[in-house]
Protein chains: 2
Amino acid sequence: MLEWLKEPEIHFPDQLQHAGFEHGVCVGQIQAKAGLTQSTVSEYLSILQRAGFIEAKRVGQWTYYKRNEGAFEALSKLIQTNL
Amino acid sequence: MLEWLKEPEIHFPDQLQHAGFEHGVCVGQIQAKAGLTQSTVSEYLSILQRAGFIEAKRVGQWTYYKRNEGAFEALSKLIQTNL
DNA sequence: TTGGCATATCGGGAAAAGTCGATATCTTTG
DNA sequence: CAAAGATATCGACTTTTCCCGATATGCCAA
């Protein structure tokens, strides 16, 4: 999922017709591609959010998730220096 | 354990009297400090080895483990570029 | 305000990981 | 080669993680 969110226009072409990618990709799109249930995907995304790897933006009835690139940079640096 | 192995002379002063740290730290030293059973520590170390994070060197009846810094560098870069 | 759609939360069952004791293997020493 | 010490492997049990269906919540449109 994290890799998918790196290039939304490539992995979620369906969403382009409805909304842009400014706020990220909505849960339904990710769920469809993941082939897991709605509840599983929702929970997974919320875990990634709490961990800081993605950010959520509620717009109407949809929740859009997008990557927080800073977190990946920080993790990379953490491994370099602390591990 | 990975952090301990970064500075063996600090975290495993006992071993200095018997052997150096050229080949790393032996299982018994790590086990004593970890407070887990011998079998658990041995299995854990072998997993880390298979994953490439540490290297094993058998010397007599002892097996010494030391960090493979390249693996950490590679992981850090992998997160930077692929994730 | 009610019905429908998108998402979130909850509780439970299945799968995986962690940990242990017992035992096997390997190595050195007598 | 037998005994003893260090490490590795095995089987079982416990804990954690994964994933689901059911249900709750939030939002929009009629």
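Throughout, protein chains are lettered first and strands after them, A, B, ... in sequence-line order, and every chain is numbered starting at 1.
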Applying a 4.0 Å non-hydrogen cut-off, can you work out what A:Tyr64 is touching in the nucleic acid: base, sugar-phosphate, or nothing?
nothing
Classify A:Thr63 by what it touches in the nucleic acid, base, sugar-phosphate, or nothing, heavy-atom distance under 4.0 Å.
sugar-phosphate
Can a cation-pi geometry be assigned to A:Arg58 and A:Tyr64, taking NZ or CZ under 6.0 Å from the six-membered ring centre and within 45° of the ring axis?
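No, A:Arg58 and A:Tyr64 do not form such a contact.
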Just report the end-to-end axis angle for the helix from C:dT1-D:dA30 to C:dG30-D:dC1, five pairs per end, to 10 degrees.
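Computed from the C1' atoms at both ends, the axes differ by 20°.
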Under the criterion side-chain contact (heavy atoms from CB on, under 4.5 Å), which of B:Thr40, B:Val41, B:Ile47 is the partner of B:Glu43?
B:Ile47
Reading DNA chain C from 5' to 3', where do the contacts with chain B start and stop? Cut-off is 4.0 Å to heavy atoms.
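Result: C:dT19 to C:dT28.
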Counting only heavy atoms and a strict 4.0 angstrom limit, can you tell me which residues of residues 30-38 of chain B come near DNA chain C?
B:Leu36, B:Thr37
Can you say whether the rings of B:Phe12 and B:Trp4 are parallel (under 30°), tilted (30 to 60°) or perpendicular (over 60°)?
perpendicular
Side chains of [X] and [Y]: closer than 4.5 Å at any heavy-atom pair?
X	Y	result
B:Leu83	A:Lys6	no
B:Val25	B:Ile30	yes
B:Leu2	B:Phe72	yes
B:Gln15	B:Cys26	yes

Hydrophobic clustering (ILVMFWY, side-chain heavy atoms < 4.5 Å, transitive) - are B:Trp62 and B:Tyr44 grouped together?
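Different hydrophobic clusters.
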Looking at the side chain of A:Thr40, which of D:dC19, D:dA8, D:dG21 is the nearest nucleotide?
D:dC19
Among D:dT9, D:dT7, D:dC20, the nucleotide that comes nearest once only the side chain of B:Val27 is considered:
D:dT7
Atom-pair distance ([atom1] on [X]; [atom2] on [N]), nearest Å:
X	N	atom1	atom2	result
B:Tyr44	D:dT7	OH	P	18 Å
A:His18	D:dC28	NE2	C1'	17 Å
B:Trp62	D:dA8	CH2	C1'	17 Å

Hey, which sits more toward the 5' end of DNA chain C by its nearest nucleotide, A:Ser46 or B:Gln61?
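Here A:Ser46 is the residue nearer the 5' end.
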Contacts of A:Arg58 and A:Glu43 projected onto DNA chain D by closest heavy atom; the upstream (5') one is A:Glu43
Looking at CG of B:Leu75 and CD of A:Gln80, how far apart are the two atoms once the value is rounded to the nearest 0.5 Å?
10.0 Å
Rounded to the nearest 0.5 Å, how far apart are OG of B:Ser42 and OH of B:Tyr65?
5.5 Å
For B:Glu3, does the CD atom sit with more than 12 other heavy atoms under 6.0 Å from it, leaving out its own atoms?
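Count not over threshold, so no.
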